[in-house]
Amino acid sequence: MQPAENTPLEQETTIDMKDIVALCKRRGFIFQASDIYGGINGFWDYGPLGTELKNNLRDYWWKSMVTTPPIGPDGTPVQIVGLDSAIIQNPEVWVASGHVGGFSDPMVDCRETKKRYRADHLIILIPNDDTPWLATIEDDENFLKARLKKVGKGKSLSDFTQKNLTEVELTDFDKILAPHAKTKGTLTDPKEFNLMFETGIGASQDDKVTAYLRGETAQGIFINYKNVLDSSRVKMPFGIAQVGKAFRNEVNPRNFIFRSREFEQMEMEWFCHPDDSQKWFEFWKSERQKFWQQVGLNQDNILMRDHDADELVFYSQGTCDIEYKYPFTDPDFGELEGIANRGDYDLTKHQEHSKTKLEYLDPERNNEKYIPHVIEPAAGLTRGVLALICEAYTVDPNRPSGVYLNFTPAMAPKKAAILPLTAKEDHVPTAQKLYLELREEFAVDLDIKQNIGKRYARQDEIGTPYCFTIDNETISDGTVTARERNTMAQERIALDNVAAYLRDKIKP
RNA sequence: GCGGGUGUAGCUUAAUGGUAAAGCUCCAGCCUUCCAAGCUGAUUACGAGGGUUCGAUUCCCUUCACCCGCUCCA
């Protein structure tokens with residue numbers, strides 16, 4: 001690679017995240033949380049337009065899952081019902097799910113080099129004499145060899161016993177020479193890092209019971225599986241869908257709203273007979289890919305990435321990430337949604353811990369009793385918003401705004417702007433009348449101030465797909481100018497047809 | 001969490017150990033018959049806290065936020 005030659009090209013084609021963040025703030029999509037107090041790391045507020053955008057994506061997901069779920073392999077619509085569970089549940093829920101306990105990664109710090117390691121990522125080479133124990137980093141053979149050569153005092157690998165740091169007694173820590181360190185005994189005791197947000201239930205400080213803000217919405221679905229089954233006449237296979245906030249005490253929030261401590265998920269748990277799980281896994285992979293294309297993500301920016309066997313969580317029988325090429329991951333991709341075949345892991349765990357039978361008696365399979373298997377398409381709503389904004393962000397030096405947001409009409413926060421050409425004469429009353437008519441059905445803006453060019457530019461920047469302009473011709477012949485955002489092309493349509501025109505354009 | 005960088009108005013940039021300046025945006029008017037024109041006017045800033053000093057946006061310390069790299073990402 002020749003940076004000197006490639007740099008100018010990259011500057012033209014690479015979208016800078018800073019510009020997107022600036023536009024989001026300038027136009028009221030996304031603000032730093034607690035902005036006037038200097039902010040707070042890992043939290044973001046959604047402004048007027050960001051909220052509309054997020055709601056549009058959420059509502060379309062809900063429609064595609066619950067209101068009009070897809071047609072299944074048998075030619076009839078699949079069955080999915082909605083749910084809205086509490087953010088705080090009995091703490092035992094998170095013990096059963098493995099979020100409390102197994103969820104935490106013990107970390108050790110090196111007092112000398114100030115580096116931090118996951119305890120289970122450090123391999124300790126224990127010598128057969130009283131020389132220092134050598135800490136090396138798992139899966140890094142080059143480091144191990146270099147380390148052995150430098151501080152191994154001529155020993156070879158076979159002169160050592162290997163142990164994971166998690167298996168080493170705390171009292172032996174002072175014998176360990178940390179990676180990169182010069183003196184031994186610099187590693188701290190392993191510290192538990194739990195990503196679950198803790199809170200206390202009860203107003204009195206003394207009587208508080210520790211509880212957790214949910215780390216994912218999925219568990220709320222699993223623990224209501226039996227309630228839903230007993231109350232809503234669903235039968236296998238079926239899904240339960242939920243949209244809501246989730247919280248993770250991330251070690252290092254980064255990349256705008258991509259990794260934040262409070263975020264929003266759109267999760268659906270699909271319950272089915274174990275024999276059918278692979279079929280449904282493939283079905284949902286295909287459906288979910290279609291969804292992201294329908295809301296406007298370019299196929300080229302989407303990657304369906306199946307996890308390798310060694311990458312799979314132990315209970316998963318298959319996981320596929322839908323990844324998006326965000327500007328900050330480009331040319332790589334970052335997670336947008338995960339589709340997992342979770343087997344019967346979750347329901348089995350909750351059955352064990354809650355001592356409540358969660359088996360399904362299937363009359364269509366000779367009254368076979370089984371714990372259903374689960375396919376989980378789990379999407380990040382806030383990550384989806386980020387992907388939509390990144391996808392829409394289009395630099396265009398040929399227009400006054402210099403940039404516009406190319407949202408699909410269905411996702412755009414504002415569907416249209418009604419613009420009287422001047423603030424005088426008969427334009428304003430006619431525009432107001434049209435606005436009052438359209439707003440019953442669409443999210444529309446009426447903008448009267450300033451000249452027409454400025455108003456087009458403003459609408460371009462917030463991604464409004466259509467502008468309808470009222471001029472003298474409107475008064476004389478009843479037509480308006482319809483201006484399309486991406487092409488800036490104009491056509492005249494009848495005032496009476498504006499609503500129908502917009503309705504037709506907005507169809508996903 | 002570590003290392004490096006940055007922090008002056010919504011944005012882009014000035015100046016200064018002693019009244020913080022401008023352009024654009026935004027807002028209010030005027031003017032305007034289709035893409036940020038022009039005129040008039042208004043609001044708005046030294047991230048926060050502490051220290052040194054007669055006086056700190058400026059020097060020092062702490063802290064917060066953001067960016068880059070590392071680490072982490074069940």
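First the proteins, then the strands, lettered A, B, ... as listed; each starts at 1.
- Using a 4.5 Å cut-off on side-chain heavy atoms (C-beta onward), V374(A) and W270(A) make no contact.
- Among C35(B), C11(B), U71(B), the nucleotide with an atom closest to any side-chain atom of K25(A) is C11(B).
- Side-chain contact between M196(A) and F247(A): absent, with no pair of heavy atoms (C-beta onward) separated by less than 4.5 Å.
- One interatomic measurement links the two molecules: CD of Q450(A) to P of C24(B), which rounds to 13 Å at whole-angstrom precision.
- Nucleotides U62(B) and G3(B) have their P atoms positioned 12 Å apart, rounded to a whole Å.
- Judged purely by distance below 3.5 Å, without hydrogens or angles, the side chains of T394(A) and D396(A) never pair a donor atom with an acceptor atom.
- In this model, the phosphate group of C34(B) is not approached by any side-chain N or O of R455(A) to a distance below 4.0 Å at OP1 or OP2.
- With both ends at atom C1', the span from G1(B) to C59(B) equals 30 Å, rounded to whole Å.
- The distance between atom NE2 of H427(A) and atom C1' of C34(B), rounded to the nearest whole Å, is 11 Å.
- In this entry A65(B) has U6(B) as its Watson-Crick or G-U wobble partner, both defining distances falling under 3.5 Å.
- In this entry A37(B) has no Watson-Crick or G-U wobble partner, no candidate having both defining distances under 3.5 Å.
- When Watson-Crick and G-U wobble pairs are counted only if both distances are under 3.5 Å, G55(B) pairs with no nucleotide at all.
- The N252(A) side chain lies nearest to C72(B) when the options are A36(B), C72(B), C66(B).
- Of the C1' atoms belonging to U63(B) and G7(B), the separation is 13 Å, rounded to the nearest Å.
- In terms of phosphate contacts, K454(A) brings no side-chain nitrogen or oxygen within less than 4.0 Å of OP1 or OP2 of C35(B).
- Between F256(A) and D460(A), the residue anchored nearer the 5' end of RNA chain B, judged by the nucleotide with its closest heavy atom, is D460(A).
- If you take CD of Q32(A) and C1' of A48(B), they are 14 Å apart, rounded to a whole angstrom.
- Among all heavy-atom pairs drawn from I176(A) and A135(A), the shortest one is CG2-CB, 3.8 Å.
- Only the C1' atoms considered, A21(B) is 24 Å distant from G38(B), to the nearest whole Å.
- Using the six-membered ring where Trp is involved, Y326(A) and F328(A) have ring planes that are parallel, under 30° apart on the 30 and 60° scheme.
- Under the Watson-Crick or G-U wobble criterion, with both distances below 3.5 Å, A21(B) is paired with U13(B).
- As a whole-Å value, the separation of R254(A) CZ from C68(B) C1' is 8 Å.
- Look at OH on Y404(A): it is 17 Å from P on A36(B), rounded to the nearest Å.
- Using modelled atom types and a 3.5 Å distance limit, the side chains of T469(A) and Y456(A) yield a donor-acceptor pair.
- Nearest nucleotide to the side chain of K449(A), out of C35(B), A28(B), C66(B): A28(B).
- A side-chain N or O of N406(A) and one of R485(A) form a donor-acceptor pair less than 3.5 Å apart.
- Under the Watson-Crick and G-U wobble criteria, each requiring two contacts below 3.5 Å, nucleotide C26(B) is left unpaired.
- Remark: N451(A) is not in phosphate contact with U32(B), judged by side-chain N or O atoms under 4.0 Å from OP1 or OP2.
- Distance noted for atom P between G49(B) and U43(B): 25 Å (whole Å).
- Checked against the 6.0 Å centroid threshold, Y225(A) and F271(A) count as a close aromatic pair.
- To the nearest angstrom, P of C26(B) lies 12 Å from CD of Q459(A).
- No N or O donor and acceptor, one from the side chain of Y37(A) and one from the base of C64(B), sit under 3.5 Å apart.
- Nearest-nucleotide positions on RNA chain B place A22(A) closer to the 5' end than the other of A22(A) and E335(A).
- No N or O donor and acceptor, one from the side chain of R483(A) and one from the base of C34(B), sit under 3.5 Å apart.
- When each of A65(B), U32(B), C35(B) is scored by its nearest atom to the side-chain atoms of A423(A), the top-ranked nucleotide is U32(B).
- Remark: C1' of A36(B) and CG of N398(A) are 15 Å apart, rounded to the nearest angstrom.
- Going from the P atom of G17(B) to that of A56(B) covers 14 Å, rounded to whole Å.
- Within 4.0 Å of R27(A), counting heavy atoms only, lies at least one base atom of the nucleic acid.
- Here U32(B) presents its P atom at 17 Å from CG of D471(A), a figure rounded to the nearest Å.
- The gap from the C1' atom of C34(B) to that of C26(B) amounts to 23 Å, rounded to the nearest Å.
- Within the 4.0 angstrom heavy-atom criterion, no nucleotide atom of any strand lies near K18(A).
- A gap of 13 Å separates the C1' atoms of U44(B) and C11(B), to the nearest Å.
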